[in-house]
Chemist: 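Questions regarding the structure given below will be posed in turn.
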Amino acid sequence: MKKTFKAVLCVVLVVAFVLALAGCGKINYITNGTITAIKEVQDGTWNQKDEPEGDAGASAIEPFVSGTYGGIEFADEAAVINYYVQCYNNTKAQTANYIDGEGNTVEYYALVGEEKLNIDSVLIEGSENAVINNLVPTIVDGLFKPSVYGLPPCNNRDPLLDNSNGDAANPGQFDFRTSYFTPEDSQACNVVDNGDGTITITIQPKASSMSMRGEDSQGRFFEVLGDIGATVDSISQLSWASGSTEENCLVDYEGGTGVIKINTSTNTVVEADYHMKVNVAVNHANVLVIKDKSAAVAISYDMHYPASDEYLLDARELTRA
């Protein structure tokens, strides 16, 4: 996930802790302090480590029925996933020209999307707080700056920079111009024939914890948070009553889906909605004078393709050539 996503999460957690126990009178003080702390966040190198996947969980979508959809035969769920991967790769092989804010012609993915972050709920010691619920959307809207990317997982709208390191000369382990998603990563999937030469594939990846981009079921399908440890540790107001950041920060992904419309004559994605669901739990936290408290934040992160002309202009001063 992008650095901004992690920063917003940390602001919400810190503000939530303090407001829940200190009252409304300190809203401005705490908000300004946590925003200042977020400005100290540095990219760094995230810890690359294997994390065990969680339970598969229950399916959130209708069961798959074998058959022929849009002229494509799907004998089983593995065939659906393999076809999705084929169409993903075909789609990311396509580029288009855009005009940037300085009038230059730039070449990016032909299919780029919009992103939106929502904090669905915040629990402090297992309870909600009306003040926090009202304040959180303002914090998110003020700090989260939507951008433009190719199909997830993705590191850049420029195909040459869409890799682990965002560096054409030093690409790293993963090249996200192709999908690493496998049939084994899928909890459930299904297909609908739209009757107009397109089909819609819905996929629910298996649940996973502490996901890293490209490394597990969620990280091969969504724009996951990755290792949030370095970002959490950068918040000067936050410390632990016991244990370490690794032990006290838990990030679980479950129930998210992708709904992908595909043109079966070109085997390319023409429209898609990715809805990622994340639950972040923080335990044994000290925030300023507040000691040994827990918080849980439910996040939804949505990506819609294709991006509208208005979104491209607002987010990155881009226009289609």
Chemist: State yes or no: do Leu250 and Ile299 share one hydrophobic cluster built from I, L, V, M, F, W and Y residues joined by side-chain heavy-atom distances below 4.5 Å, directly or via other members?
Modeler: no
Chemist: Exactly one of Ile199, Asn190, Thr68, Val65 should register a side chain to side chain contact (heavy atoms under 4.5 Å, CB included) with Phe74. Which one does?
Modeler: Ile199
Chemist: When you compare the side chain of Phe64 with that of Ile201, does any pair of heavy atoms fall below 4.5 Å?
Modeler: no
Chemist: How far apart are the closest heavy atoms of Asn286 and Lys291, and which atoms are they?
Modeler: OD1-CA, 3.2 Å
Chemist: Could you work out, with salt bridge (charged side-chain N to carboxylate O under 4.0 Å, His left out) as the rule, every residue matching Asp292, not counting sequence neighbours?
Modeler: none
Chemist: Do Ser121 and Glu128 pair up side chain to side chain, a donor and an acceptor below 3.5 Å, judged on atom types alone?
Modeler: no
Chemist: Among Asp252, Asp227, Asp216, which residue satisfies the side-chain hydrogen bond (donor to acceptor under 3.5 Å, both in side chains) criterion with Ser211?
Modeler: Asp216
Chemist: If we count only N and O atoms by modelled type, under 3.5 Å, do the side chains of Asp162 and Tyr109 hold a donor and an acceptor together?
Modeler: yes
Chemist: Can you give me the closest heavy-atom contact between Ala315 and Pro146, atom names plus distance?
Modeler: CB-O, 3.6 Å
Chemist: Begin from the C-alpha positions of Ile99 and Thr105 and carry the test side-chain contact (heavy atoms from CB on, under 4.5 Å) through to its verdict.
Modeler: CA-CA 5 Å; Ile99 307 300; Thr105 299; 3.5 Å; yes
Chemist: Leu123 and Val297: same hydrophobic cluster, using ILVMFWY side-chain contacts below 4.5 Å?
Modeler: no
Chemist: Hey, does Asp185 have a side-chain heavy atom less than 4.5 Å from the side chain of Lys206?
Modeler: no
Chemist: Within a strict 4.5 Å, meaning less than it, do heavy atoms of the Asn155 and Tyr149 side chains meet?
Modeler: no
Chemist: Check the pair Asp273 / Asp302 against side-chain contact (heavy atoms from CB on, under 4.5 Å), numbers first and verdict last.
Modeler: CA-CA 7 Å; Asp273 286 283; Asp302 295 290; over 6 Å; no
Chemist: Tell me whether the count of non-hydrogen atoms from other residues, nucleotides or ligands lying under 6.0 Å of CD in Gln86 goes above 12.
Modeler: yes
Chemist: Following the transitive rule for hydrophobic clusters with a side-chain heavy-atom cut-off under 4.5 Å over Ile, Leu, Val, Met, Phe, Trp and Tyr, establish whether Tyr274 and Val259 coincide in one cluster.
Modeler: no
Chemist: Report yes if the distance between the aromatic ring centroids of Phe221 and Tyr88 is under 6.0 Å, otherwise no.
Modeler: no
Chemist: Any side-chain heavy atom of Val280 sitting closer than 4.5 Å to one from Leu225?
Modeler: yes
Chemist: Over 60° means perpendicular and under 30° means parallel, so tell me whether Tyr98 and Tyr108 are parallel, tilted or perpendicular.
Modeler: tilted
Chemist: In the structure I gave you, are the side-chain heavy atoms of Ile81 and Thr182 within less than 4.5 Å of one another anywhere?
Modeler: no
Chemist: Cut-off 3.5 Å, side chains only: do Ser300 and Asp120 have a donor facing an acceptor?
Modeler: yes
Chemist: Does Lys277 have any salt bridge (charged side-chain N to carboxylate O under 4.0 Å, His left out) partners at least two apart in sequence or in another chain, and if so, which?
Modeler: none
Chemist: Can you check whether Ser294's main-chain N or O pairs, donor with acceptor, with Glu125's side chain at less than 3.5 Å?
Modeler: yes
Chemist: So, using side chain to side chain contact (heavy atoms under 4.5 Å, CB included) as the criterion, who are the partners of Leu111 when residues are at least two apart?
Modeler: Thr91, Leu151, Val269, Tyr305, Pro306
Chemist: Determine, using the 4.5 Å side-chain heavy-atom cutoff (strictly less than), whether Val112 and Ile262 are members of one ILVMFWY cluster.
Modeler: no
Chemist: Just checking Gln94: does its CD atom have more than 12 heavy atoms from other residues, nucleotides or ligands closer to it than 6.0 angstrom?
Modeler: yes
Chemist: Looking only at heavy atoms, which two atoms of Gln218 and Ser208 are closest? And how far apart?
Modeler: CG-CB, 3.6 Å
Chemist: Is it true that Asn90 and Thr266 share a donor-acceptor pair across their side chains at a distance under 3.5 Å?
Modeler: no
Chemist: Side-chain heavy atoms nearer than 4.5 Å, only ILVMFWY residues, links allowed to pass through others: does that put Tyr311 and Val106 together?
Modeler: yes
Chemist: Measuring from atom CD of Glu223 to atom CG of Leu117, what distance do you get when rounded to the nearest 0.5 angstrom?
Modeler: 12.5 Å
Chemist: For the residue pair Arg157 and Ser147, what are the closest heavy atoms and their distance?
Modeler: NH1-OG, 3.7 Å
Chemist: Just so I know, are the side chains of Ser179 and Lys92 near enough to count as touching, which here means a heavy-atom distance under 4.5 Å?
Modeler: no
Chemist: Show your working on side-chain contact (heavy atoms from CB on, under 4.5 Å) between Ile203 and Phe181 and close with a plain yes or no.
Modeler: CA-CA 11 Å; Ile203 298 172; Phe181 197 69; 3.9 Å; yes
Chemist: Side chain of Asp158, backbone of Leu160: donor and acceptor closer than 3.5 Å?
Modeler: yes
Chemist: Hey, is the main chain of Tyr301 close enough, under 3.5 Å, to the side chain of Glu115 for a donor-acceptor pair?
Modeler: no
Chemist: Does Glu247 have any side chain to side chain contact (heavy atoms under 4.5 Å, CB included) partners at least two apart in sequence or in another chain, and if so, which?
Modeler: Ser244
Chemist: Could you tell me which non-hydrogen atom of Ala207 sits nearest to which non-hydrogen atom of Ser217, and how far apart they are?
Modeler: O-OG, 3.7 Å
Chemist: Once rounded to the nearest 0.5 Å, what's the spacing between atom CG of Asn89 and atom OG1 of Thr268?
Modeler: 12.5 Å
Chemist: Mind running side-chain contact (heavy atoms from CB on, under 4.5 Å) on Thr264 and Tyr83 for me, showing each step along the way?
Modeler: CA-CA 10 Å; Thr264 56; Tyr83 183 66; 3.9 Å; yes
Chemist: Which residues satisfy the salt bridge (charged side-chain N to carboxylate O under 4.0 Å, His left out) test with Arg177, sequence neighbours excluded?
Modeler: Asp175
Chemist: Taking atom NZ of Lys116 as the centre, does the number of heavy atoms from other residues, nucleotides or ligands within less than 6.0 Å exceed 12?
Modeler: no
Chemist: Taking side chain as C-beta onward, heavy atoms only, is Thr198 less than 4.5 Å from Glu271?
Modeler: no
Chemist: Could you tell me if Ser164 and Gln173 have a donor-acceptor pair between their side chains, going purely by distance under 3.5 Å?
Modeler: no
Chemist: Could you list the residues that satisfy salt bridge (charged side-chain N to carboxylate O under 4.0 Å, His left out) with Asp314, not counting sequence neighbours?
Modeler: none
Chemist: Mind listing the closest non-hydrogen atom pair of Ala285 and Leu238 along with its distance?
Modeler: CB-CD1, 3.8 Å
Chemist: Out of curiosity, Ser242 OG to Asn248 CG, how far, rounded to the nearest 0.5 Å?
Modeler: 6.0 Å
Chemist: If you define the side chain from C-beta out and look only at heavy atoms, does anything of Val192 sit under 4.5 Å from Glu62?
Modeler: no
Chemist: Can we call the ring centroids of Phe174 and Tyr180 under 6.0 Å apart?
Modeler: yes
